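Read through the structure below, which is laid out as C-alpha cells, and then see the notes.
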Amino acid sequence: MWCCGNFGVSDSIKVLKKCSCCTASGQHAPISESAAWADLKQHVKTIEGTHLRNLMQDNNRCEELIKEYDGIVVDLSRQRVIHDTVDKLLNLAEEAKLKEKIDQMFDGVHINETENRSVLHAALRAPRDEVINCDGHNVVPAVWDVLDKIDAFSDQIRSGSWLGSTGKPLTDVVAIGIGGSFLGPLFVHTAMQTEPGCAQAAKGRRLRFLANVDPIDVARALLDLNQETTLVVIVSKTFTTAETMLNARTVRTWITSALGVEAVSKHMVAVSTNLKLVKEFGIDPANAFGFWDWVGGRYSVCSAVGVLPLALQYGFSHVKKFLQGAWSIDDHFRSAPLESNLPVLLGLMSVWNVSFLGCPARAILPYCQALAKLAPHIQQVSMESNGKGVSLDGVPLPFGTGEIDFGEPGTNGQHSFYQLIHQGRVIPCDFIGIIKSQQSVYLKGEQVSNHDELMCNFFAQADALAYGKTREELVAEKVPEALIPHKMFSGNRQSLSILLPNLTPYTVGQLLALYEHRVAVQGWIWGINSFDQWGVELGKSLAGKVRTQMNAARTKTQPLSGFNYSTTTLLTRYLQGKTQLLYPDPHDVFPSNVLPGFEK
Ligand SMILES: O=P(O)(O)OC[C@H]1O[C@](O)(CO)[C@@H](O)[C@@H]1O
C-alpha cells in the first residue's frame, strides 16, 4: 500500500498531517511500489499484443470509451486500452486516493504543501451561492466582490464614463504580465476574438499583451497606440517578477513622458495579490484588483488576471459565461464517479501513456484556429505543474513525471510536424474539433464547406494514426517495392478526440477546466505537488548575478568575475559588441522610431 490516506486535518486551517503508518520515516512509498502499478506494468504485455486496427473493430469497446458530459464528447477509443486497462487504471486511482485528493482540493486543504497553501482556482468560477471554505471561511463572496468591481470598472471604461487624463475614452488596453499572468488570458482572448458575439462586443477596441522583457515586445505591443487612449493593466501575482516590472516601468515611462505623472491614476491599473507593492509602484489601491495566494499563477486566468483584460475587451457578460463553462467541469470533476469523470479519465490515459507505454510527449492539436494559443497555455499548466523530480515528501521518484506538451492548430501542424507523429516517434495526440464553427464559409460548387473541409482532416488523422498502412495495402496499390518501406505506416498510434458543440466563451471555459483538472489528476497519481514551481527559481537568481556584473561592466568598466570560462567568453563578446550604449540617459537608448513616445 503506498499511502494510508489517514490525513489529519486541523479544524480551521486544513493542513495535511503525515500519516504514521506508511513507512518508518513517515514517508509514503512511491506509487510505483503499489500492487496496482505492478499490475499495470504486467498488463502492458497484453496491450503490446494488440493493434488499434483490431481494437477499433469492437463496437462495444468503442461505445464504452466514448464519454459525454454537458455537450462535450470525449472519445478514448483510439487509446491503447481495453476494458481491463481502464479498470486497472481506476484501481491505481484508488490506490493513489484520487477521490480524497479531489475532495481535499475543494475543501480548501493546504494540498500545496511546500507553500502551505490551498488550491482553489475552482472557487474563482463558483456561482455566488456556492460555499467553498479556505482556512475557515467561505471565499466565494470575496471572489464575487472582485468580479463585481471588474464588472463596474470595465463598464465605465467601455461606456466612456472613465476617460483618460486628456478627456478621451480609453479604447486600447495593454496587459503586461508573463507566464500564468499572460498565457491563459492570451489563450482565452484568442479563442473569443472571432466568436461573433464577442467580436461585436469588442468593436473599436484593441487588447494587446506585453510579456517578454525583450524590448522588441514593447515595440510590438505599443505599435500605433496613443497614450491618450490607452489603459495599461499590470498583471503580476507577486508584483516582483523582473520581466513584468521592467516592462511596467517602461510603459509607465511611455505614459508619463507624454501625459505627465498624474496620468498614471487614469491610465494604469493593476492585478495582483501584493497590493502593498502595487501602491509603492504608484498605482492607486482603488485601481487594483486583488486575488489570493490559493490561486496558482498558471491557474489564475479565471481571477482578475484574465477576467479584467477580457472584460475590458468583450464586456463582463461574455466573460461570465466563460467562468460558468469552467464551473460546469469543476462541478462534474468534484461529483462524478471516477469511471465517468472526464478530467479523471483524461488524466489516467496520460499516466498510462507516460508511465506504462513510454510516451513522454503529448501533442495538442485543435482543429480550430481560435484555439491557437491552447497548446502554449497548457504547456505551462502541465509542464510547470508536473515536471517534478521528487514526491510530495521530497523523496526522489524512481519514474519520470510530467509530459512534454506541444501543439499547433490543424491543419497547419499536418504540414509541419505530423510526419514525425505518423512514421517517427509515438506521440499520443489530443485532437480537438468543433461541430459548429465560429465562422461559416461555403463556396458554391465546392464539395463541402470550409469548416467541413477542416473537420475532414480532424476525422482522418485520428484513423490514419490508429490504422496505419500495411505492406499488403501498398502492394495492392502497385507501389514499387523500393518505396514500400517508406510508404508504410505502422499505425497503432494512440490519440483521443474531444468534440465541442461550438467555440463560445462557455465551451472555452469547459476546455480550460478539463485540462487544468486532468493535469492535477496526473500529479496526484504520481504523488507529486502539481501546485508549486521551485524549478523556475535557479535561473532567475543566476540572471540577477549576471545583471549585477553587467551593470558594473557597463557603467564602471569593471572586469567580469565569478563566471566560468564559457560564460565569461560569451559575455565579454556580448559586452564588446555594444560599447556604444553606456546608459548615459535612459531615454537615449530608445530609438524614437521604434518606440513611439520616447522621443527626447
Ligand atoms: O504573476 P507573477 O507573479 O508575475 O508570476 C509570473 C509567472 O512566473 C512564475 O512564477 C514562474 O515562471 C509562474 O509560475 C508565474 O505564472
Side-chain angles (χ1 to χ4, degrees), residues 111-121 124 146 174-189 209-214 217-218 221 232-252 268-281 283 288-310 373-389 402 405 512 515-516 519-520 523 528-544 547:
I111 57 173
N112 176 356
E113 290 187 59
T114 61
E115 295 178 313
N116 193 20
R117 290 174 182 167
S118 307
V119 176
L120 282 176
H121 44 277
L124 299 169
V146 176
V174 177
I176 305 175
I178 198 164
S181 296
F182 157 60
L183 291 163
L186 176 68
F187 153 56
V188 181
H189 170 53
F209 292 91
L210 168 54
N212 201 337
V213 74
D214 185 340
D217 209 21
V218 180
V232 179
V233 185
I234 306 169
V235 187
S236 176
K237 178 177 170 178
T238 55
F239 230 68
T240 58
T241 302
E243 297 93 324
T244 299
M245 297 324 296
L246 180 55
N247 277 336
R249 292 191 293 274
T250 306
V251 178
R252 183 178 58 189
M268 295 189 89
V269 300
V271 175
S272 186
T273 58
N274 195 336
L275 299 180
K276 184 172 166 280
L277 290 187
V278 169
K279 193 171 173 203
E280 281 171 26
F281 183 85
I283 289 178
F289 298 82
F291 63 112
W292 306 270
D293 70 0
W294 41 261
V295 181
R298 55 194 172 275
Y299 297 96
S300 66
V301 58
C302 295
S303 72
V305 165
V307 174
L308 179 61
L310 294 164
K373 296 297 175 188
L374 174 66
H377 177 48
I378 299 307
Q379 277 178 338
Q380 190 198 5
V381 171
S382 163
M383 293 162 83
E384 195 168 84
S385 295
N386 287 343
K388 306 285 163 67
D405 292 287
L512 171 87
Y515 273 91
E516 285 180 345
V519 163
I528 58 177
N529 184 352
S530 299
F531 305 105
D532 62 11
Q533 58 286 317
W534 299 107
V536 302
E537 296 303 326
L538 180 59
K540 281 188 200 173
S541 67
L542 288 184
R547 187 188 302 125

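Note that the structure is a prediction, hence the values are computed from the model and not measured. Ligands are counted one by one from 1 in listed order, and the atoms in each one are counted from 1 as well.
- No side-chain heavy atom of Tyr515 sits less than 4.5 Å from a side-chain heavy atom of Asp405.
- Put simply, the side chain of Trp534 reaches to within 4.5 Å of the side chain of Glu115, judged on heavy atoms.
- Checking side-chain atoms of Asp217 against main-chain N and O of Leu210 turns up no donor-acceptor pair under 3.5 Å.
- Pocket lining of ligand 1, defined as residues with a non-hydrogen atom under 4.0 Å away: Ile178, Gly179, Gly180, Ser181, Ser236, Lys237, Thr238, Thr241, Gly297, Gln380, Glu384, Gln533, Val536, Lys540.
- To the nearest 0.5 Å, the span separating CD on Gln533 from OG1 on Thr114 amounts to 8.0 Å.
- Between His189 and Phe209, the gap from one ring centroid to the other is short of 6.0 Å.
- Within the 4.5 Å cutoff, side-chain heavy atoms of Phe239 are placed close to those of Ile234.
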